[in-house]
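Encoded as structure tokens, the structure appears first; notes follow it.
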2 protein chains.
Amino acid sequence: MTETIEAPGSVTAMERGSGVALWRQIADRIRQGIAEGTFEEGGRLPPEIALAERFGVNRHTVRGAIAALVQEGVLRAEQGRGTFVQHAPRISYALGRYTRFSANLQGQVRETKGRLLASAVVPADSRTAGALGLDAGASVLRLDTLSEADGHPVSRATSWFDAIRFSGMEDAYAKTGSITAAFARCGIDDYMRRSTVVSARHADATVLADLSLSAGAIVLVTVAINEDPEGRAIQFSETLFAADRVELVVAEGL
Amino acid sequence: MTETIEAPGSVTAMERGSGVALWRQIADRIRQGIAEGTFEEGGRLPPEIALAERFGVNRHTVRGAIAALVQEGVLRAEQGRGTFVQHAPRISYALGRYTRFSANLQGQVRETKGRLLASAVVPADSRTAGALGLDAGASVLRLDTLSEADGHPVSRATSWFDAIRFSGMEDAYAKTGSITAAFARCGIDDYMRRSTVVSARHADATVLADLSLSAGAIVLVTVAINEDPEGRAIQFSETLFAADRVELVVAEGL
DNA sequence: ACGAATTTGTGCGTATGTATT
DNA sequence: CAATACATACGCACAAATTCG
């Protein structure tokens with residue numbers, strides 16, 4: 001039963017004809033290697049020939065992967081010197097009873113910004129109505145928002161609110177760039193997280209563009225309900241985080 | 001500022017020459033459509049020609065996507081009748097202070113099973129040593145395990161334990177298929193979750209094989225520390241969940 | 001029972017993208 | 001940069017199974 005375990009830097013064959021180009025698979029593995037510490041943050045990547053041998057592909061293919069990662073800002077190539085891993089640590093986003101975007105990133109980034117992408121009053125679908133405790137088909141205000149940290153997009157959220165109770169939300173958010181501040185203008189001075197469900201999937205074309213990601217990128221998805229101090233649901237939201245830039249920390253206490 | 005919002009079934013152009021094959025992008029969107037309710041669970045998918053038109057591709061390309069999803073068990077195609085969405089709800093896995101695999105899936109699946117893939121005693125790397133409160137290079141027992149629900153693989157975990165304190169763990173786990181039971185045999189009757197960090201990435205070739213996933217599949221990753229009632233770290237683990245089959249629920253209470 | 005319409009399954013020729021040498 | 005091999009995507013045509021009037 002006790003077998004050998006693969007060495008950390010082991011050679012795993014790339015899959016051809018899998019629908020994902022080899023250069024992209026290799027780009028993913030290099031990105032992953034940086035996240036896991038196989039390739040040192042801020043350090044130099046092994047030379048292209050060594051990487052080609054390790055991944056079992058041609059040097060041209062490795063160059064394609066590196067070019068894509070340079071484009072993304074993950075790597076920086078210097079002629080004659082080598083290819084270097086850009087320093088860009090993952091942001092930790094805490095999930096708990098008290099979850100607020102700006103407060104969450106305090107100390108990790110210099111400044112945060114929220115931007116309103118779109119808003120509309122629409123009839124609630126069954127999922128939204130159920131979450132907010134409204135009748136199916138009731139009018140809800142939908143806000144599409146983008147959150148940035150130090151100028152880099154971090155997450156894209158779609159939130160739904162009772163259109164009657166929170167009629168001024170879209171303007172309040174557009175002015176302040178903060179859900180917490182917008183709630184305050186609607187008379188909600190405090191709120192808590194009732195539930196959070198986490199999943200992951202590939203980003204679709206719209207999200208890729210909004211979050212400045214390249215095709216095939218992954219988003220962490222949180223579906224959450226916020227409630228006021230009286231326990232009434234006030235916000236239902238689906239937030240998409242760029243999985244390359246964010247990790248979610250489950251906060252037990254609070 | 002208040003703009004129009006895309007209709008739910010809107011046509012978003014697929015990206016050609018992005019390193020990800022069109023059929024795979026479309027497979028992802030169909031899978032996502034099922035998750036979001038655009039395509040009814042248990043219902044019939046629109047005919048291939050309609051899907052081809054909606055996604056702006058050839059019918060062959062749609063067929064490639066459908067073939068991949070049939071292979072995964074997401075769809076079922078019948079000549080002359082149509083293509084149907086297989087009923088396979090996502091498993092909810094709760095993350096909280098009291099997190100145990102079998103108890104977690106109670107009521108959602110009929111039976112759970114744990115299998116030991118490999119074990120080895122290795123020197124601790126800095127991350128593992130830090131998590132377990134050991135000196136760097138101390139001997140740790142590493143277990144690679146696979147957890148199944150109703151015969152389908154759900155997660156693949158790598159766990160590290162103090163090799164001295166938990167010398168019998170590998171046999172205990174191999175016999176019982178349960179970390180909780182294996183701990184009990186080592187004199188640990190109770191334990192709690194100290195911390196959990198969630199991220200997501202593409203599965204590598206080894207994990208694809210272990211979890212019976214197809215290339216390009218996503219895994220939800222939890223990195224966690226368990227501690228005994230005295231607050232000493234006893235287990236450091238990295239668990240990879242098949243993102244298509246599992247969602248993580250953040251449990252506030254408990 | 002029959003044929004028309006619908007839907008999935010299959011074949012082939014061509015153009016382009018990807019990867020190696 | 002060129003030559004080569006394979007994967008991907010398209011367009012057209014037709015076969016096979018099912019449904020329905």
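Chain A is the first sequence line, chain B the second, and so forth, proteins listed ahead of strands; every chain is numbered from 1.
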Quiz item: For nucleotides 11-16 of chain C, read 5' to 3', which letter fits each nucleotide if B means a protein heavy atom sits under 4.0 Å from the base, S means only the sugar-phosphate is that close, and - means neither?
Solution: B-----
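- Computed from coordinates, the B:L69 CG to C:dT8 P distance equals 14 Å when rounded to whole Å.
- Separation of atoms CZ (B:R201) and CD1 (A:I218) is listed at 9.5 Å; rounding is to 0.5 Å.
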Practice problem: Let me have a per-nucleotide readout for nucleotides 16-21 of chain D, 5' to 3', with B, S or -, counting only protein heavy atoms under 4.0 Å. | Solution: BBSS--
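- Looking at residues two or more places apart in sequence or on another chain, you find a side chain to side chain contact (heavy atoms under 4.5 Å, CB included) between A:T112 and A:F101, A:S102, A:L105, A:V109.
- In this structure, CZ of B:R24 is placed 11 Å from P of D:dA9, rounded to the nearest angstrom.
- Atom CG of B:N58 and atom CZ of B:R63 lie 11.0 Å apart (nearest 0.5 Å).
- Within the model, atoms CD of B:Q108 and OG of B:S92 stand 5.0 Å from one another, a figure rounded to the nearest 0.5 Å.
- Residue-level contact check: A:R59 touches neither bases nor backbone, having no heavy atom under 4.0 Å from any strand.
- When rounded to the nearest whole Å, the span between CD1 of A:I49 and C1' of C:dT21 equals 15 Å.
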Only distances under 3.5 Å count here; give the side-chain donor-acceptor pairs of residues 145-153 of chain A to other protein atoms, sequence neighbours excluded, each with its distance to 0.1 Å.
{"unit_1": "A:D150", "atom_1": "OD1", "unit_2": "A:R110", "atom_2": "N", "d": "2.9"}
{"unit_1": "A:D150", "atom_1": "OD1", "unit_2": "A:E111", "atom_2": "N", "d": "2.9"}
{"unit_1": "A:D150", "atom_1": "OD2", "unit_2": "A:R110", "atom_2": "N", "d": "3.3"}

Please report, to 0.1 Å, the donor-acceptor pairs under 3.5 Å made by any side chain of residues 120-130 of chain A, with sequence neighbours excluded.
{"unit_1": "A:D125", "atom_1": "OD1", "unit_2": "A:R127", "atom_2": "N", "d": "3.3"}
{"unit_1": "A:D125", "atom_1": "OD1", "unit_2": "A:T128", "atom_2": "N", "d": "2.8"}
{"unit_1": "A:D125", "atom_1": "OD1", "unit_2": "A:T128", "atom_2": "OG1", "d": "2.7"}

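- Note: B:R115 CZ to B:Y173 OH = 9.5 Å, rounded to the nearest 0.5 Å.
- Taking the side chain to side chain contact (heavy atoms under 4.5 Å, CB included) definition, one finds that B:Q86 meets it with B:R76, sequence neighbours left out.
- Ranking D:dT8, C:dT18, C:dG9 by closeness to the B:E48 side chain, first place goes to C:dG9.
- For A:W23, the side-chain atoms get nearest to C:dT18 when compared with the rest of C:dT18, D:dT8, C:dT8.
- Atoms CG (A:L22) and P (D:dA5) sit 18 Å apart, rounded to a whole Å.
- A salt bridge links A:E48 with A:R59: the closest approach of a Lys/Arg side-chain nitrogen to an acidic carboxylate oxygen falls below 4.0 angstrom.
- Nearest nucleotide to the side chain of B:N58, out of D:dC10, C:dG9, C:dT21: D:dC10.
- Residue order along DNA chain C, read from the 5' end via each residue's closest nucleotide, puts B:R63 first among B:R63 and A:V62.
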